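Below is one structure; the comments refer to it alone.
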Amino acid sequence: MATLHTRSSARLMLTPSVILLLCWMIVPLAMTLYFSFLRYNLLMPGTEEWIGFLNYQFFVEDPAFWASLINTLLLVGGTLLITVVGGTFLAILLDQPFFGQGIVRLLVIAPFFVMPTVSALVWKNMLMHPVNGLFAWVARAFGAQPVDWLAEVPLLSVTIIVSWAWLPFATLIILTALQSLDQDQKEAAEMDGAGIFSIFWHITLPHLARALTVVVLIETIFLLSVFAEIFVTTNGGPGTESTNLTYLIYMQALLFYDAGAASAGGVIAIILANIVAIFLIRMIGKNLEA
Amino acid sequence: MGSITLEAVTKSFGGVKVIPGVDLEINDGEFVVFVGPSGCGKSTLLRLIAGLEDVTSGRILIDGQDATGMPPARRKLSMVFQSYALYPHMSVYKNIAFPLKMAGMDPAKIKEKVEGAAGILNLTDYLDRRPGQLSGGQRQRVAIGRAIVREPSAFLFDEPLSNLDAALRVNMRLEISELQKSLGTTSIYVTHDQIEAMTMADKIVVLNAGRIEQVGSPLDLYHKPANLFVAGFIGSPKMNLVEGEAARSRGATTMGIRPEHLTLSKTEGEWQGRVGVAEHLGSDTFLHVHVQGIEAPLTTRVPGNVEVSHGDTVFLTPDPARTYLFGPDGQAL
Amino acid sequence: MARTVTTNRKLVFTVIGWAIGLTLFFPILWTFLTSFKTEGEAIATPPSFLFFDWTLENYLTVNDRSDYFRHAINSVVISLGSTALGLLVAIPAAWSMAFTPTKRTKDILMWMLSTKMLPAVGVLVPITLIFRDTGLMDTRTGLVIVLMLMNLPIIVWMLFTYFKEIPGEILEAARMDGATLGKEIIYVLAPMAVPGIASTLLLNIILAWNEAFWTVLLTTNNAAPLTAMIAQYSSPEGLFWSKLSAASMLAIAPILVMGWFSQKQLVRGLTFGAVK
């Protein structure tokens, strides 16, 4: 749609972004890859040497790696389950007409805007604290023994905190998709004799499929790198019970100063994220053509 | 003044030649319609004239001046777009005033001109509204108003009526024609609708695959189509095209007969057939008659009071003076 | 389609809706209430919900303990700075891709998106080392750069989807109307693009404000924004709940308000236009 002149200036305008992102992607990535093959301790500079896949071997043979991998999957899976099911339910609820709908909607989405360190601290201290927390008080009021959430079920606690923050995201996206559903379609289905549940099953749910997939993929990308919530609440403990891959790599790098092993872990994390990213990018790409 | 000349104009996108080479002369004050099926290059041609696309080779002269490399702003042409392309954040007044403001005209003069244009187009009551608050027809008028205020050398219309409903389309067609006659400004009008072309044009340019098939007045094209493409494109309902024995006996590969030139009889005639669908318009009836040995049903136009029904056997005879004969290359004989 | 909804049905949904809404909002509400309590009341059992001596003391003293304002300024500088810088780079890029798309435009967009998929922890070691060796560690400049790069794909994408909705014909109309490129931008493009730019700005300030990986790990004290400052409360000596609550409320309130205003844009921005 343009003349030659506009086309060449367009290329010029695109260049800074491309170069910046190219550097941002390639330089650190190459360094990570390189470090992952080195014996490289930050406290002993000058002793770096090429050790091939030893870092990977070390990382993979460490029982903490497998524990963290399982924790990562549990954390991502659990949060997805809670947010997707809860989000669908909430979205349908918010789609019904009722008094104060707009305000309730604001209340529901609010947690998404709370910075992770704040939400983690609020949950840790004021809600989940075994002595002074609100949950403990509620438990005692019912005559039950208060649960020391972060010590007894650390991973579940972190999952709950993270889910609280991401539930609004799922709700908002599913709600948006729900509202874009063509009313004519529903009415056509009604004319064809479908009841509320078969309309939901045959019309609404397939319509939501795309939005649900987007929610799952995007949340996965973000949830694979949950960090602050763990950093603030459990520090990955007790033991490795609430250590995810991100936290493990952080510990290797900045607490044990083992840059080599941390880099190997980083490469593994990148590979994991890419498995999800490929699907996501494909989906978004299809959307771009439409 | 507003004459436009295209000299061997070509346009390629990537490696694809969209316009393989067009020569065309548009005289001052003429209403020229570019018509053709979608993808025939008519819009591209208009955009080349507007300067919104660069020509690949060839020259465009406006009022005898070479305008090939000129930016659109300096060509003194106005354009009405298919989507109207009104500025959504400006009032109707500001929309119409915009080209004058760009030309640096004095505000008092602008006011006078905008109000003048609004008066002609029945927009006076809507000058403070935003385009979003207007109906399709009103938006169309604003777009036209924006085009006429600056008194350009020529108006360019890119399928301006295709977003309107049928009834409004007929009205706007008349309004545009009338406006053009009274202003006497050269106009180029792009459409895929041959009825618009026939009713509005002084001169029709039929385009197909980037090539000009024929240039002529509406009646020229109707009476003397240069080839099969023009024959099939101009006229409604479409000309019947018959191949085989009937054409061969007249020394042609294809014979064309317009529906209005077929005589219907219940007793005798050249072709015997069975009535299929009958479309009753009231004044006329279009009959689709299935004839043995001719693939497509023949369409004939009969007065509305002729009574035939589905399945009747009828006879059709072509008017020998009104048949069109085409050779193997599709050119008229 | 306007169908009458029975009042009963509406009442039922009103009760369910509000119950769930308030439950989900409760942690924030509780923080809000606690921020007006004395430290003693904050940890009292049974907890008091509304009937306590409301005090503003925590807000008044929030700065004493933790140098709150310096961290708040850091947050403002880092989130605004990274967003502004990002927009500066992204607007021309998004513009050119939206209005003069080429065969490679889609590939470039997809590639930009893929950089966003890179887990931060994967480049933790090199970024830490680069920061250490260039003196960017614990500086606002460093964080502005990192957060800008991190959010650049989202900014480009959001702007791209907004710009894409501006019909090219309108810009052409301006050109036909005699507008030069400068006037085309001032009179036509900017007024139409500004809402999209504003939404992008808003969402990215929110994202940068709440970012809690790099801000926590690349700062110690000087450049620490509120995320990092609040994280320091996690040490046992930081167990002053009502002060923590006051600091938290101040940290989240502005963003919460902005977030409420940008619900729609949030969906679009975070799904890269896949859901609108």
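First the proteins, then the strands, lettered A, B, ... as listed; each starts at 1. Just so you know, these numbers come straight off a predicted model, no measurement behind them.
Side-chain atoms of Arg132(C) and Leu129(C), non-hydrogen and from C-beta on, do get closer than 4.5 Å to each other. By the 4.5 Å heavy-atom criterion applied to side chains, His71(C) and Pro225(C) are not counted as neighbours. Here the side chains of Leu33(A) and Leu29(A) are not in contact, with every heavy-atom distance at 4.5 Å or above. Ile127(C) places a side-chain heavy atom less than 4.5 Å from the side chain of Trp214(C). The closest side-chain heavy-atom distance from Ile109(A) to Thr171(A) is not below 4.5 Å. Leu224(A) has its side chain out of reach of Leu245(A): every pair of non-hydrogen atoms, C-beta onward, lies at least 4.5 Å apart. The shortest side-chain heavy-atom distance between Ser263(A) and Asn55(A) does not fall under the 4.5 Å cut-off. At a threshold of 4.5 Å between non-hydrogen side-chain atoms, the residues Ile205(C) and Ser79(C) count as touching.
The number of heavy-atom neighbours closer than 6.0 Å to CZ of Phe32(C), taken from other residues, nucleotides and ligands shown, is 12 or below.
At a 4.5 Å heavy-atom cutoff, the contact between Val216(C) and chain A is made by side-chain atoms alone. Thr23(C) does not touch chain A: none of its heavy atoms, backbone or side chain, sits under 4.5 Å away. Residue contact with chain C, scored on non-hydrogen atoms closer than 4.5 Å, is absent for Val215(A). For Ile221(A), the part sitting under 4.5 Å from any heavy atom of chain C is the side chain, from C-beta outward, and nothing else. Of the atoms belonging to Leu29(C), not a single heavy atom falls under 4.5 Å from chain A. Both the backbone and the side chain of Leu22(A) come within less than 4.5 Å of a heavy atom in chain C. Contact annotation for Trp111(C): only side-chain heavy atoms (C-beta onward) come within less than 4.5 Å of a heavy atom of chain A. For chain C, no part of Leu175(A) is nearby; none of its heavy atoms comes within less than 4.5 Å. Heavy-atom distances place both the backbone and the side chain of Thr31(C) under 4.5 Å from chain A. Residue contact with chain C, scored on non-hydrogen atoms closer than 4.5 Å, involves the backbone and the side chain of Leu172(A) alike. Looking at Ile268(A), there are no atoms closer than 4.5 Å to chain C (heavy atoms on both sides), in backbone or side chain. If you measure heavy-atom distances from Tyr257(A) to chain C, you find no contacts under 4.5 Å at all. Heavy-atom distances place both the backbone and the side chain of Leu226(C) under 4.5 Å from chain A. Using a 4.5 Å cut-off between heavy atoms, Leu20(A) contacts chain C through both its backbone and its side chain. For Leu256(C), the parts lying near chain A are the backbone and the side chain together; criterion is any non-hydrogen pair under 4.5 Å. Both the backbone and the side chain of Leu106(A) come within less than 4.5 Å of a heavy atom of chain C. Residue contact with chain A, scored on non-hydrogen atoms closer than 4.5 Å, is absent for Met258(C).
Counting heavy-atom pairs closer than 4.5 Å to chain A, the top-ranked of the candidates Val125(C), Thr215(C), Leu149(C), Ile252(C) is Leu149(C). Put simply, of Val114(A), Ile103(A), Val108(A), Leu272(A), the one with the most heavy-atom pairs under 4.5 Å next to chain C is Val114(A). When each of Ile155(C), Ile206(C), Leu217(C) is checked for heavy-atom pairs under 4.5 Å with chain A, Leu217(C) comes out on top. Counting heavy-atom pairs closer than 4.5 Å to chain A, the top residue among Ala90(C), Gly122(C), Gly21(C) is Gly122(C). Of the listed residues (Thr15(A), Val27(A), Val122(A), Val226(A)), the one with the most heavy-atom contacts under 4.5 Å to chain C is Val122(A). Counting heavy-atom pairs under 4.5 Å between each of Phe213(C), Trp95(C), Trp18(C), Trp30(C) and chain A puts Trp18(C) at the top. Note: Gln96(A) leads Gln252(A), Gln96(A), Arg140(A), Met31(A) in heavy-atom pairs under 4.5 Å with chain C. By number of non-hydrogen pairs under 4.5 angstrom with chain C, the leading residue of Ser36(A), Ala110(A), Ala228(A), Ala277(A) is Ala110(A). By number of non-hydrogen pairs under 4.5 angstrom with chain C, the leading residue of Phe35(A), Phe98(A), Phe169(A), Tyr250(A) is Phe98(A). Chain C forms the most heavy-atom pairs under 4.5 Å with one residue out of Ala253(A), Gly133(A), Pro116(A), Ala273(A), and that residue is Pro116(A).
For the 3.5 Å distance criterion, the side chains of His207(A) and Ser180(A) qualify, holding a donor opposite an acceptor.
The side chain to side chain donor-acceptor pair (under 3.5 Å) test applied to Tyr247(A) returns Asn235(A), not counting sequence neighbours. Applying the side chain to side chain donor-acceptor pair (under 3.5 Å) criterion to Glu219(A), with sequence neighbours excluded, gives Thr83(A).
Tested against Trp209(C), the residues Leu147(C), Thr227(C), Ile255(C) include a single side chain to side chain contact (heavy atoms under 4.5 Å, CB included) partner, Ile255(C).
The closest donor-acceptor contact from the side chain of Ser17(A) to the backbone of Val89(C) lies under 3.5 Å. The backbone N or O of Phe99(A) lies less than 3.5 Å from a partner atom in the side chain of Thr14(C), making a donor-acceptor pair.
The aromatic rings of Phe231(A) and Phe227(A) sit parallel to each other, their planes meeting at less than 30°, with 60° as the upper class boundary.
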